Amino acid sequence: MNTPPQVVTTIADLATARARLAGTVGFVPTMGSLHDGHTHNMRAALDRADHLVVSVFVNPLQFGPNEDFETYPRDLDADVALCAEAGAAIVFAPSVDEMYPAPQQIHVDPGPLGDILEGASRPGFFTGVLTVVAKLFGLVKPDFACFGEKDYQQLALVRRLVDELNLDVEIIGVPTVRDDNGLARSSRNVYLTEAGRYDDALAIPRAIDAAQRSADPLGAARAVLDATDGLRLDYLTVRALDLGDAPTSGPARLLIAAVVGTTRLIDNAPVHVGENDV
Ligand code: PAF
């Protein structure tokens, strides 16, 4: 049985609790509603660091005016229980006023990589993400920070943030956690089961499977997704591993965003373009 984490809600209390941690600190930033995807990130952090700090903060800066900030699932008690099980030392769960006591004037501009894919359909999203991640790094002062590969573009941008702003944090990408049917774990999956749309969503892992078996991953994934009535594609693309233009052959990344019912889902996976069909 792990010692329960210290739950702090103010920046001052975080500073006091953080100062008491001797040794290295791994950090997992979250928006709560934690599931085993987050648990994997926490384990990856504790594999490398002496202590784990988890933040639980639904960041208003990364939600558009018509997005689900107000209704985003929140359950701090359940989140703290999961952090306790994972062995977290500190859970930082600030209010919006604590993080943004005045309207934020300084924002991190993600550059062109922030305008494509998720950024194209969610303007301002990555500005909000990078701004809060930079603030959290400043507050938590971690040695390592773990981010899921499920949000592949976020991971790429956080790597770039740390690189270009010379932040002293090592970024660890953690492979996507999937349920028994291959659907990537996401806090938003609860909306699918409530609305009975779960089976439609399974076209996404089926498309990934088809893509990974084909020399034409884009065509193979498109064939599966086009044949699914209950799913509307937002984007489907193959890109280089750093999200630059797709290679004509070799390793690449397939990225999908689709709406099932009213729930927008994203997923991505490694694929191979060209010869070497598996
Ligand atoms: O991936 C998330 O949950 C959020 O974008 C993050 C990194 C916690 C920033 O709010």
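Counting convention: from 1, in listed order, for ligands and their atoms alike. What you see is a predicted model, and the numbers here were worked out from it, not measured in a lab.
Results of the side-chain contact (heavy atoms from CB on, under 4.5 Å) test with Ile256 over Leu231, Asn268, Ile266, Ile208 single out Ile208 as the only residue that passes.
A cation-pi arrangement, defined by a distance under 6.0 Å to the six-membered ring centre and an angle within 45 degrees of its axis, is present between Arg74 and Phe69.
Near Gln62, meaning under 4.0 Å from one of its heavy atoms, ligand 1 places the atoms 4 (C), 5 (O), 9 (C), 10 (O). Shown in contact with Gln154 at under 4.0 Å from a heavy atom are these atoms of ligand 1, numbered in order with element: 1 (O), 2 (C), 4 (C), 5 (O), 7 (C). Interface atoms of ligand 1 facing Thr30, defined by a heavy-atom separation under 4.0 Å, are 8 (C). Every atom of ligand 1 with a heavy atom of Val132 under 4.0 Å away is listed here by number and element: 9 (C), 10 (O).
With no hydrogens or angles considered, a side-chain donor-acceptor pair links Arg264 and Ser121 at under 3.5 Å.
Using a 30° and 60° split on the angle between ring planes, Tyr100 and Phe57 fall in the tilted class, from 30° to 60°.
For atom 3 (O) of ligand 1, the closest non-hydrogen atom of the protein is Met31 CG, 3.6 Å.
Taking each heavy atom of Leu167 and Phe137 in turn, the nearest pair found is CD1-CD1, 4.1 Å.
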